Trainee: 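Attaching a single structure in structure tokens format; questions to follow.
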Amino acid sequence: MDVGQMQRQWIDYTKSLFLEGFLDGQFLQLQQLQDENNPDFVVEVVSLFFEDSERLLKDLTFALDQNGVDFKKVDAHVHQLKGSSSSIGAQRVKNACIAFRNFCEEQNTDACLRCLQQVKQEYCLVKNKLETLFRLEQQIVAAGGSIPTELSFSG
């Protein structure tokens with residue numbers, strides 16, 4: 001596959017992430033902060049999001065597994081996860097966290113457990129999608145190309 005084909009594939013794949021709701025405009029803003037002085041900026045920020053999320057999901061699983069669930073603690077973890085997912089534009093994770101927080105307020109353990117599964121699922125999906133996107137970027141750069149900077153969503 002030549003560089004032009006890889007770049008078109010990257011553009012199509014990136015567009016699909018927005019059209020399917022995995023990412024929102026915040027991810028575009030993140031990309032705009034990346035330049036030749038900091039070429040790995042997005043990968044570094046997203047990697048921190050992955051590390052944070054793994055820890056928070058583990059903490060949430062533990063907190064909801066206790067006999068007397070501390071909903072304030074659960075809500076604090078969910079709030080943190082919502083913030084970090086929002087900061088990288090992981091829209092579906094953020095939206096799942098919003099629903100999760102409502103059930104924390106209601107102190108509904110069963111609904112919180114269902115939301116936790118939903119958040120884990122959305123997190124795994126967006127993580128796989130972003131890892132695929134970054135692999136595509138590495139292939140383009142390895143082939144001597146550059147990552148397209150402008151995404152237009154018209155057609």
Side-chain angles (χ1 to χ4, degrees), residues 8-35 38-140 147-155:
R8 281 189 296 282
Q9 185 182 1
W10 181 89
I11 289 169
D12 290 344
Y13 189 73
T14 304
K15 282 184 183 180
S16 76
L17 296 180
F18 286 92
L19 296 172
E20 294 169 25
F22 287 105
L23 299 176
D24 62 23
Q26 186 62 36
F27 188 77
L28 292 175
Q29 290 183 353
L30 214 58
Q31 286 178 317
Q32 288 168 357
L33 295 173
Q34 182 166 295
D35 57 24
N38 201 348
D40 297 324
F41 178 74
V42 175
V43 172
E44 288 168 8
V45 171
V46 170
S47 295
L48 289 171
F49 164 71
F50 291 159
E51 288 171 26
D52 246 14
S53 299
E54 305 277 342
R55 178 184 52 78
L56 288 166
L57 289 169
K58 203 182 319 170
D59 291 349
L60 279 166
T61 303
F62 180 79
L64 285 169
D65 206 29
Q66 303 307 301
N67 274 336
V69 174
D70 181 347
F71 286 98
K72 279 194 180 359
K73 186 183 280 186
V74 171
D75 185 58
H77 292 321
V78 177
H79 181 69
Q80 221 178 331
L81 185 57
K82 178 180 158 253
S84 60
S85 58
S86 181
S87 71
I88 69 142
Q91 182 171 253
R92 285 168 51 165
V93 175
K94 178 188 76 178
N95 290 343
C97 287
I98 291 169
F100 199 155
R101 290 196 72 199
N102 291 333
F103 290 119
C104 285
E105 279 179 34
E106 295 173 13
Q107 301 196 351
N108 183 334
T109 305
D110 290 339
C112 283
L113 287 167
R114 283 194 303 276
C115 281
L116 177 60
Q117 292 313 310
Q118 179 71 29
V119 168
K120 282 181 179 179
Q121 182 181 352
E122 292 298 346
Y123 167 72
C124 286
L125 285 169
V126 80
K127 183 176 189 216
N128 289 335
K129 301 276 185 187
L130 287 169
E131 286 173 341
T132 299
L133 184 71
F134 296 151
R135 270 194 305 277
L136 275 171
E137 290 179 1
Q138 288 171 335
Q139 290 167 359
I140 291 169
I147 309 305
T149 52
E150 289 302 312
L151 279 178
S152 76
F153 285 88
S154 56

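Keep in mind the model is a prediction, meaning the values are calculated, not measured. Position 1 is the first residue of the sequence, and the numbers go up from there.
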Trainee: Just to verify, what does Q107 make a side chain to side chain contact (heavy atoms under 4.5 Å, CB included) with, not counting sequence neighbours?
Mentor: F71

Trainee: Among residues at least two apart in sequence or on other chains, which ones pass side chain to side chain contact (heavy atoms under 4.5 Å, CB included) with F41?
Mentor: L30, L33, Q34, N38, V45

Trainee: Should F50 and Y123 count as side-chain neighbours, where that means a heavy-atom distance under 4.5 Å?
Mentor: yes

Trainee: With sequence neighbours left out, what residues match D65 under side chain to side chain contact (heavy atoms under 4.5 Å, CB included)?
Mentor: none

Trainee: What do you reckon, is CZ of F62 surrounded by more than 12 foreign heavy atoms closer than 6.0 Å?
Mentor: no

Trainee: Look up atom CD in Q31 and atom CD1 in I147, then write down how far apart they are to the nearest 0.5 Å.
Mentor: 9.5 Å

Trainee: Provide the full list of salt bridge (charged side-chain N to carboxylate O under 4.0 Å, His left out) pairs with a residue in residues 93-104, sequence neighbours left out, each pair given once.
Mentor: D24-K94, D75-R101

Trainee: Can you tell me how far CG of L23 sits from CD1 of I88, rounded to the nearest 0.5 angstrom?
Mentor: 7.0 Å

Trainee: Could you give the side-chain donor-acceptor pairs of residues 111-120 under 3.5 Å, partners two or more places apart or in another chain?
Mentor:
residue : atom : partner : partner atom : Å
Q118    : NE2  : E122    : OE2          : 3.2
K120    : NZ   : T61     : OG1          : 3.0

Trainee: Let me see the working for D110 and F103 under side-chain contact (heavy atoms from CB on, under 4.5 Å), right down to the final yes or no.
Mentor: CA-CA 9 Å; D110 290 339; F103 290 119; over 6 Å; no

Trainee: Would you name the heavy atoms of S87 and Q26 that are closest together and state the gap between them?
Mentor: O-CG, 3.2 Å

Trainee: Hey, does F100 have a side-chain heavy atom less than 4.5 Å from the side chain of L81?
Mentor: no

Trainee: When rounded to the nearest 0.5 angstrom, what is the spacing between CD in Q66 and OG1 in T109?
Mentor: 11.5 Å

Trainee: Run the side-chain donor-acceptor check on residues 125-132: report pairs under 3.5 Å with partners two or more places apart or on a different chain.
Mentor:
residue : atom : partner : partner atom : Å
N128    : ND2  : C124    : O            : 3.3
T132    : OG1  : N128    : O            : 3.0
T132    : OG1  : R135    : NH2          : 3.3

Trainee: Measure the NZ-CG distance between K58 and L60 for me, rounded to the nearest 0.5 Å.
Mentor: 12.0 Å

Trainee: As a quick check of understanding, evaluate side-chain contact (heavy atoms from CB on, under 4.5 Å) for I98 and K82, giving each step before the final call.
Mentor: CA-CA 7 Å; I98 291 169; K82 178 180 158 253; 3.7 Å; yes

Trainee: How long is the span from the NZ atom in K73 to the SG atom in C104, to the nearest 0.5 Å?
Mentor: 13.0 Å

Trainee: Give the minimum heavy-atom separation between V74 and A63, together with the two atoms involved.
Mentor: CG2-CB, 3.7 Å

Trainee: Under the side-chain contact (heavy atoms from CB on, under 4.5 Å) rule, what do F22 and Q91 come out as? Steps first, then yes or no, please.
Mentor: CA-CA 6 Å; F22 287 105; Q91 182 171 253; over 6 Å; no

Trainee: Between L17 and F27, is a side-chain contact (heavy atoms from CB on, under 4.5 Å) present by the stated rule, with each step listed?
Mentor: CA-CA 10 Å; L17 296 180; F27 188 77; over 6 Å; no

Trainee: Going by the rule salt bridge (Lys or Arg N to Asp or Glu O under 4.0 Å), which residues pair with R55 if we only count those two or more places apart in sequence or in a different chain?
Mentor: D52, D59

Trainee: Can you give me the closest heavy-atom contact between C97 and V78, atom names plus distance?
Mentor: O-CG1, 3.5 Å

